[in-house]
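Accompanying notes for the structure given below.
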Amino acid sequence: MNNTMKRHRWLLNGGLLLSLIVLVAQTLAPSQAPLTSLWSAQAAPLLHYSWWPRLFMALLVGASLGVAGVLMQQVLRNPLATPLTLGVSSGASLALMSATLMAPSVLLIGREWIATLGGFAAMGLVLMLAWRRQLAPVVVVLAGLVINLYAGALSLVLLLFNQEALSGMMVWGAGSMAQNGWHDLNFLWPRLLGSVLVLLLLYRALNLLELDDASIKSLGVPVRPLRLAGLGLAVFITACSVSVVGVIGFVGLAAPALARLTGARTLGQRLWQAPLLGALLLAVTDQLLQALGHLTGQLMATGAITAMIGAPLLLWLLPRLSLPASRPSSGDASEYRHRHPRRLHLLILILLIIAMVLALGWGQLTAGWQWSLAPEALTWRWPRMLGAAAGGILLALAGTVIQRMTANPMASPEVLGISSGSAMGLMLTLLFWRGATTSSLIIAGTLGALIALGLLVALNRRHDFQPARLLLTGVAMAALFDGLRTLVLANGDPRGQQILAWISGSTYYLSPTSAITAMMLALLMLGITLLLARWLDIMPLGSATASALGLGMTQARLTLLLLVALLTAVATLMVGPLSFVGLLAPHMARLMGWSRGRDHLLGAALMGAVLMVVADWLGRQLLFPQELPAGIVATLIGGLYFMWGLKRSQ
Amino acid sequence: MTYRSYRFITRLLCLLIFSLPINAVAAEAPAPTDTTNTRLKPTRLVALNWTLAETMVGLGYQPLGVGNLRGYQQWVAEPRMPDQVHDLGLRIQPNLELLATLNPDAILMPAFYEPMLDRLRPVAPFKVYKLYSTETDLWHRLQAVTRDVAQRLHDPSAADQLIHQTDATFKYWRQQLAQAASEPPPVLIVQFMDARHMRVFAKHGLYQLVLDQLGLRNVWDIPTNGWGFSMASIDELAQKSLPAETRLIIVDPMPLGVKERLQHSGLWQLLRPVQQQHVLNIPAVWSFGSLPSVQRFTRLLGAALVNDLAATNPPKTAARPQPDNAISP
């Protein structure tokens with residue numbers, strides 16, 4: 001068997017090399033490019049200053065993202081870990097945006113350095129949050145996710161208010177490989193070379209990370225510094241590449257996954273195959289785009305398009321990946337259990353009512369802060385308040401179900417990609433249908449969610465809806481959406497503002513009827529979910545226990561999945577796809593001590609409602625007359641609580 | 001929640017709120033130059049976007065409210081909007097409560113804001129304008145919009161005056177250009193996004209409108225979007241064979257640091273207009289504006305070109321001094 005494996009691998013590796021050679025040969029073709037144009041500008045200046053640096057840049061960036069991906073997956077022992085999981089690119093992007101707006105002169109020091117600084121700051125926060133838990137993989141990924149969402153929300157706020165000033169930043173965010181000299185390449189390669197040297201030094205120790213913590217410790221290797229070094233290196237590599245060409249996210253996930261698929265088992269094999277694959281993936285995509293780009297007059301940014309091409313690739317890969325079948329429910333933030341869950345429910349309900357009354361009566365107008373329950377003011381306030389509460393309930397329910405079902409603290413409706421599907425429907429309608437009305441948007445959003453759900457079910461049914469697989473499907477869907485969004489924004493269409501407004505989760509477009517409908521739907525869904533609460537108590541125990549207790553796992557999962565999709569679709573239409581509440585509310589409920597399925601659901605729903613009502617109110621009042629979308633404010637408030645909870649729990 | 005946790009959260013929240021540069025002003029913001037519009041007549045109409053607001057000011061009227069007023073002062077700059085005008089918040093999501101309290105007679109908005117129509121319906125009557133699109137000629141559309149806005153202000157003659165004034169500006173600069181050169185040079189109009197990418201303006205856009213009226217040829221023939229520009233990187237510019245006399249017009253604001261980076265770019269240095277020193281910088285003009293912006297761009301472009309032509313091929317009668325990019329009034 002060993003022999004066949006070896007031959008198999010040889011074939012694949014040979015195939016890879018061959019394709020690389022073919023690529024280089026093919027790319028030489030465009031205008032009988034003489035090889036001399038590589039080092040001399042005389043014969044063909046365009047090739048010398050643009051085409052060659054661009055090819056090398058694509059190869060270099062693809063390779064470095066592949067290496068960074070392998071490193072992170074090794075350190076975090078998580079197939080979902082990517083260079084972006086730690087918030088590196090969102091941190092870098094936030095830093096660049098803030099610098100552009102507040103102190104543009106700082107950019108003169110070098111954009112690269114600002115980006116690197118931001119990336120490191122974001123990772124520093126992630127590590128700080130996970131420090132007390134020995135940088136355990138699940139906690140690091142979770143902290144990274146939170147920081148990512150947080151930085152993303154802050155960037156969205158800046159974009160909403162400064163679309164014109166940040167148009168250049170949006171181009172950067174889409175990741176373009178265009179080059180006009182050797183300057184950037186000369187910046188990048190020495191840094192990557194240095195990183196490779198450090199990697200060689202760390203290589204033997206990193207190999208040990210495949211064992212569990214106790215065994216590594218017994219070998220006398222300090223786990224925490226080792227992880228820190230591995231992550232630090234990965235972030236540095238990512239930040240360097242990203243700061244030069246912009247955000248190119250998908251390669252860091254796809255390259256290591258492809259390497260694994262082609263049979264790379266050991267760290268050594270993955271470390272040389274993933275970069276090769278990454279370089280190929282990016283360079284081939286970029287070559288194709290170069291050919292297409294001139295025809296359209298649009299910026300066909302490689303980063304965004306790679307993400308969009310990579311998404312179907314990942315979906316195709318999914319059934320072929322061998323993933324850990326099930327994961328024990330470990331690393332959850334807290335096992336604390338409240339003694340009187342009912343009393344706590346009542347308390348939060350009272351809190352919710354107080355919040356609702358305050359949100360209705362207290363507000364700013366031209367004359368400043370006023371308390372008023374006059375009907376003229378209320379007509380504008382109550383639909384948004386009610387809609388926000390409904391959105392909070394729906395997302396909290398969806399989040400609770402998916403987290404308990406998959407026993408994965410990273411799971412949320414957004415991670416499953418249903419919100420992404422819905423948002424894509426909205427976006428395409430806004431772009432291609434002039435004069436789209438609210439009702440047409442609702443239909444488009446629902447259609448998008450249904451298509452995403454259909455894909456989700458079709459791809460995961462045969463595999464029994466395994467958690468890791470489900471999450472990967474969601475990641476692919478989110479990548480597709482992200483690519484589309486960044487592409488639209490990068491091209492500077494003034495309608496980008498409208499797209500931003502929708503996707504950042506505002507209650508702005510809610511009419512009285514739609515708000516009442518939403519609330520009734522939310523309450524109905526709450527009832528249905530509570531009826532299914534027993535399943536949620538059993539499922540985390542594993543399929544063996546579940547079937548022993550008479551629960552058909554596949555059927556139950558399918559039912560719950562449908563429920564989640566429905567909950568998410570309705571909520572997305574209400575408060576946008578930025579469903580941080582869906583991740584947050586169940587966690588907060590957990591932290592507060594609701595542990596049984598029924599209590600957890602009800603508690604999470606209440607927390608979700610409180611969170612959204614407060615967020616919507618703050619968003620409308622804080623910067624009056626400018627309005628911050630409720631989804632963003634919820635992310636900003638909730639994210640803080642979440643970080644605090646993560647830091648507190650030991 | 002314990003006291004410590006509360007303190008942690010409030011501190012972080014404070015930090016966050018104070019660190020948000022929501023209204024930060026970019027350094028290259030064009031300085032307002034026009035102070036003639038001090039005696040605007042007040043109206044009870046609000047304009048949700050800057051193009052319509054600019055039209056109203058151009059007609060001599062002061063809107064009741066404008067979406068994102070600060071952004072208007074920064075990016076449209078001229079004609080200047082009086083500070084008494086109410087800021088309605090985000091252009092795309094004007095504050096409904098505030099709008100209702102202001103109780104305007106009508107709301108003017110562009111067609112692509114339509115998803116919020118349902119929410120605006122109870123506030124006031126509204127008028128939706130098709131401004132920028134690929135469908136019909138921009139110059140005719142802007143004239144029609146101007147006339148319609150004037151109608152709503154019950155002052156149709158103001159539109160005639162504004163249109164006439166714009167025509168006169170065209171005519172004046174057309175003559176100036178004809179005097180400066182027997183055959184006006186082709187142009188390429190760009191605005192830098194970063195050191196590698198730029199918007200190149202052509203068909204369907206405001207700048208093209210001005211080029212057409214001045215009889216100037218645009219060398220950019222790649223399709224543009226409904227707003228009249230396409231995104232391009234420097235290598236795409238380099239692939240075009242530009243006539244030697246092409247003037248490369250760079251519209252401000254230029255992102256900081258880009259000028260320095262271009263010095264290092266081998267490809268930029270190879271561009272024909274750069275080698276010939278035919279690069280002209282002109283101050284920022286709102287690229288998606290209406291007649292006032294059209295006039296402003298005509299003046300700035302005309303002056304820049306005439307100065308440059310005079311400097312590069314001095315007329316036989318009176319030789320002019322050294323190249324001077326400063327714009328004469």
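As the structure is a computational prediction, the values presented were derived from the model and not from experiment. Throughout, protein chains are lettered first and strands after them, A, B, ... in sequence-line order, and every chain is numbered starting at 1.
Under the rule for a side chain to side chain contact (heavy atoms under 4.5 Å, CB included), B/Pro42 has no partner lying at least two apart in sequence or in another chain.
Residue contact with chain A, scored on non-hydrogen atoms closer than 4.5 Å, involves the backbone and the side chain of B/Pro94 alike. Of the two parts of A/Ala490, only the backbone, made up of N, CA, C and O, holds a non-hydrogen atom closer than 4.5 Å to a non-hydrogen atom of chain B. Proximity to chain A (any heavy atom under 4.5 Å) is shown, for B/Ala202, by neither the backbone nor the side chain. Of the two parts of B/Leu90, the backbone and the side chain both hold a non-hydrogen atom closer than 4.5 Å to a non-hydrogen atom of chain A. B/Asp87 touches chain A through backbone and side chain together, each having a heavy atom under 4.5 Å away. For a residue to count as touching a neighbouring chain, one of its non-hydrogen atoms must lie under 4.5 Å from one of that chain's; by this rule B/Leu96 touches chain A with backbone and side chain alike. The parts of A/Leu160 that come within reach of chain B are both its backbone and its side chain, each placing non-hydrogen atoms under 4.5 angstrom from that chain. Proximity to chain A is absent for every atom of B/Phe192, based on heavy atoms less than 4.5 angstrom apart.
Side-chain N/O atoms of B/Thr51 and B/Glu54 include no donor and acceptor closer than 3.5 Å.
Here B/Trp50 and B/Trp75 keep their ring centres 6.0 angstrom or further from each other.
When each of A/Pro45, A/Ser176, A/Gly363 is checked for heavy-atom pairs under 4.5 Å with chain B, A/Ser176 comes out on top. Counting heavy-atom pairs closer than 4.5 Å to chain B, the top residue among A/Gly181, A/Ser506, A/Ala178 is A/Ala178.
In summary, A/Glu164 and B/Arg91 engage in a salt bridge, as defined by a charged side-chain N under 4.0 Å from a carboxylate O. A/Asp286 has a carboxylate O that lies under 4.0 Å from a charged side-chain N of A/Arg54, or vice versa, which qualifies the two as a salt bridge.
The aromatic rings of B/His264 and A/His183 sit parallel to each other, their planes meeting at less than 30°, with 60° as the upper class boundary.
Sequence neighbours left out, not one pair with a member in residues 166-177 of chain A passes salt bridge (charged side-chain N to carboxylate O under 4.0 Å, His left out).
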